[in-house]
Amino acid sequence: MNPELLRNLWLEITPQRLAAMPAVLGLVFAAFWLTEGRSSVAGNAQWVGLAIGIVWGARQAAGAVAGEIADRTWDSQRASALTPWQMTWGKLVGATAYAWYGVALCAAVHVATGGAVLGAIEVLLATLLAHAVALFASLVLVALGGRAVILTSLPHLAGMVAGLVAGAIPLSALGVMSDSVGWYGLGDGAWFRLASVAAFAVWAVLGAWRLMMRELTVPQRPWAWPAFVLFCAGYAAGFTWHDGAEACLRAGFVAAAPLVTAAALAEPKPRAPLQRFLRGAPGEAPASIQALAITATLALALAIATRPAGALPELSGAMPVAAVLFLARDIALIRLVSLGRSGIRGAVAALIWLAVLYLALPGLLGGIDGDAALFLFLPVPAVAAPFGAVALAAPALQAASLWHLLVRRLGTVPASDAAMARQG
Amino acid sequence: MANRAATIAVSRLRFAYDGTPALEDVSFAALRGTITALVGPNGAGKTTLMRCLAGLEPPEHGTISVAGIDVVAEPRAARARIGFLQDFFGLYERLSVRRVLDYAARSRLVPAAEREGRIRSVAEALGLAGLLARQAGALSRGQRQRVAIGAAIIHRPQVLMLDEPAAGLDPEAREELAALLRSLAAEGMTLLVSSHILAELEAYATDVLMLEAGRVIGHGPLVAPARRLALVVAGSGVAEARAVLAQHGIEDTEIEGGTILFPFAGDLAGQAALLAVLVRAGVPVAALEERRSSIQSLYLSRLREARRQ
């Protein structure tokens with residue numbers, strides 16, 4: 001048996017706790033039965049299950065690694081011979097074992113009292129997604145470093161949001177949307193949304209596993225993040241399938257572009273790997289650069305596919321390429337701002353800079369009728385710039401300047417290191 | 001030394017925290033069955049070196065091999081052969097001592113058939129046999145330290161690294177720890193032990209590795225290969241004593257106040273004969289004893305030398 005799972009079960013599952021959960025849930029459901037009637041139990045069981053899985057379970061998943069760090073046992077675990085996969089699912093299922101016990105009981109009550117099996121599956125998948133996102137987010141923050149309260153509370157929040165999105169409000173909207181437009185021509189919104197939640201849950205588990213590899217310093221090839229970016233682009237494109245290839249490319253680009261900035265903010269920023277990458281070791285490319293490469297490919301394809309007289313002229317011409325150049329600038333900016341700052345402080349400082357560049361300054365220009373200069377801060381249609389090439393030249397110049405500054409600030413790395421990295 | 005297989009081999013290791021070097025061009029080797037005392041001032045890089053060796057921190061440059069395994073390329077395989085106890089460690093407070101050791105054994109690939117026996121033998125070696133059922137959270141500091149050491153050695157690692165292992169232990173427990181470390185080394189385990197209490201390291205270390213500002217300033221066996229005697233002379237008899245020694249072929253002498261230090265190739269009988277000669281010659285001998293090169297004196301002289309450069 002997975003030692004990490006077993007250890008968590010020793011801690012989470014005790015005879016007293018095993019007895020307590022059905023006793024408490026029994027009282028809750030009996031109260032619903034008595035006050036609202038038998039027919040209310042199924043629906044309430046679903047909601048209670050979601051609450052246990054998403055609110056409580058996500059807290060457990062978020063604290064699975066942060067708790068080890070706080071208790072000074074994390075390095076001892078890292079120094080063990082456990083595999084990243086054993087560690088990932090041992091924590092994902094083990095730390096949340098008691099919550100899963102409660103969710104399983106609620107799902108059983110839901111079905112037993114006349115609820116749809118689909119509803120029970122929804123609860124289970126939403127719980128899995130919430131836990132996986134919480135664990136993934138906690139590992140992102142662990143790598144960035146931060147106070148214990150942040151290491152747990154932010155991932156908990158992320159897990160709850162993911163679980164709520166999956167288990168509650170917008171899912172039905174997503175289902176309706178799928179029914180109306182057809183995702184890649186497929187209908188049946190109910191199953192589509194379940195499949196979507198399952199797919200994103202799998203990606204979150206995969207992401208947690210990859211981050212666990214990094215925590216355990218296990219060498220890895222950089223394929224997971226580019227694959228996720230491609231998946232998101234393909235997923236988004238499915239909703240515009242009926243509008244043709246150009247619309248699909250546009251949707252894919254719009255889905256991929258934010259993932260560049262997200263990766264740049266969330267990735268750890270040690271100097272040495274970036275130095276080696278800049279010296280010609282592609283295997284050392286940070287996640288943000290990997291995502292940028294895919295987004296740039298989509299942007300070029302979109303630029304080629306988009307005709308100036310297309311259906312959406314505001315997106316025509318070089319605008320996607322300008323957006324990619326701004327993203328390249330943002331990566332350098334985030335790296336520069338993060339130099340000498342701890343991970344989370346660096347990310348927050350970078351966010352403030354991005355808000356100034358993308359919101360405050362364009363807003364200021366708008367206020368003084370300076371729209372013609374917007375191309376300095378936002379990707380704008382070529383027709384909106386004084387002349388077309390400037391719309392590209394402005395972000396290109398900014399990106400080149402910041403990357404030049406970043407390279408200088410990073411300092412030099414001996415050529416032998418770059419050679420070693422290439423050989424590796 | 002280079003011709004013998006090293007259990008730990010580090011070459012040109014460099015590590016930096018966000019651009020600030022913590023280890024620079026560190027190279028050394030530790031042979032099987034040795035106990036290397038890792039010494040250096042605070043911030044010298046001792047803990048960072050141990051963390052790199054344990055595969056917890058990937059180095060920026062250089063190679064680390066433990067039991068013939070590249071720690072950077074195959075960290076998991078290396079960790080199965082390494083035991084590591086950090087200065088600041090935690091235990092699973094709500095688990096019993098038995099389960100703490102059981103989890104350590106499982107997560108370090110001890111075969112199921114051997115697990116119970118390992119738990120028992122480690123508990124006996126560390127005086128934990130009567131505490132196996134107790135919750136880790138209810139243990140004293142010294143008991144916790146012993147449980148943590150037990151968890152680090154339960155898989156019988158080829159390399160054991162201990163960062164300040166005697167912290168929190170009483171004198172008796174320290175003596176027991178020294179005996180345990182000596183017995184582990186005698187079984188072929190290679191140990192790297194960091195401590196600020198140099199006298200304690202002398203009780204079991206065979207080698208010393210000295211760090212200063214992330215660089216190695218000294219490394220080698222702790223006891224010099226040749227015996228070295230210290231002749232303590234009362235009053236002003238130093239010159240007279242040197243003359244007598246020279247008459248008997250001992251000319252490579254070093255004076256430290258009223259003490260004359262010199263290499264001596266003979267055995268204890270030869271030492272007794274020399275003492276008799278000195279006394280007969282009228283040298284006011286206060287003592288004639290073997291002088292070990294202590295970690296303290298080695299360390300301080302190397303440290304001063306490194307800081308002068």
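Computation of the quantities below employed the complete heavy-atom set of this structure, encompassing side-chain atoms and omitting hydrogens, waters and symmetry-equivalent molecules. This structure is a prediction, so every number in the text was calculated from the model and none was measured. Every chain is numbered from 1 and lettered A, B, ... according to where its sequence line falls, protein lines coming before strand lines.
When heavy atoms are compared at a cutoff of 4.5 Å, B:Leu91 approaches chain A solely by way of its backbone atoms N, CA, C and O. Both the backbone and the side chain of A:Asp75 come within contact range of chain B, with heavy atoms under 4.5 Å apart. Only the side chain of A:Leu6 comes within contact range of chain B, with at least one heavy atom under 4.5 Å from a heavy atom of that chain. Heavy atoms closer than 4.5 Å to chain A are found in the backbone of B:Val72, but not in its side chain. A:Arg271 touches chain B through its side chain: at least one heavy atom from C-beta onward sits under 4.5 Å away, while N, CA, C and O do not. Neither the backbone nor the side chain of B:Arg81 comes within contact range of chain A; no heavy atoms are under 4.5 Å apart. For chain A, the nearby part of B:Ala73 is the backbone; its heavy atoms alone come within less than 4.5 Å.
Comparing B:Glu74, B:Glu57, B:Arg51, B:His155 by heavy-atom pairs within less than 4.5 Å of chain A, the highest count is held by B:Arg51.
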- Between A:Trp10 and B:Tyr92, is a side-chain contact (heavy atoms from CB on, under 4.5 Å) present by the stated rule, with each step listed? CA-CA 11 Å; A:Trp10 283 338; B:Tyr92 294 106; over 6 Å; no
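Looking only at distances, no side-chain donor or acceptor of B:Arg76 sits under 3.5 Å from a matching main-chain atom of A:Val218.
Taken to the nearest 0.5 Å, the CZ atom of B:Arg106 stands 13.5 Å off from the OG atom of A:Ser80. Taking OG from B:Ser107 and CD from A:Glu4, the interatomic distance works out to 8.5 Å, rounded to the nearest 0.5 Å.
The neighbour count for A:Arg17 CZ, taken as heavy atoms of other residues, nucleotides or ligands under 6.0 Å away, is above 12.
What you find for A:Arg78 and B:Leu56 is that their closest heavy atoms are NH2-O, 2.7 Å. In terms of heavy atoms, A:Thr217 sits closest to B:Arg79 at OG1-NH2, 2.8 Å.
Within the 4.5 Å cutoff, no side-chain heavy atoms of B:Pro58 are placed close to those of A:Pro219.
Seen from the ring of B:Phe89, A:Arg72 does not count as a face-on cation partner, given the 6.0 Å and 45° thresholds.
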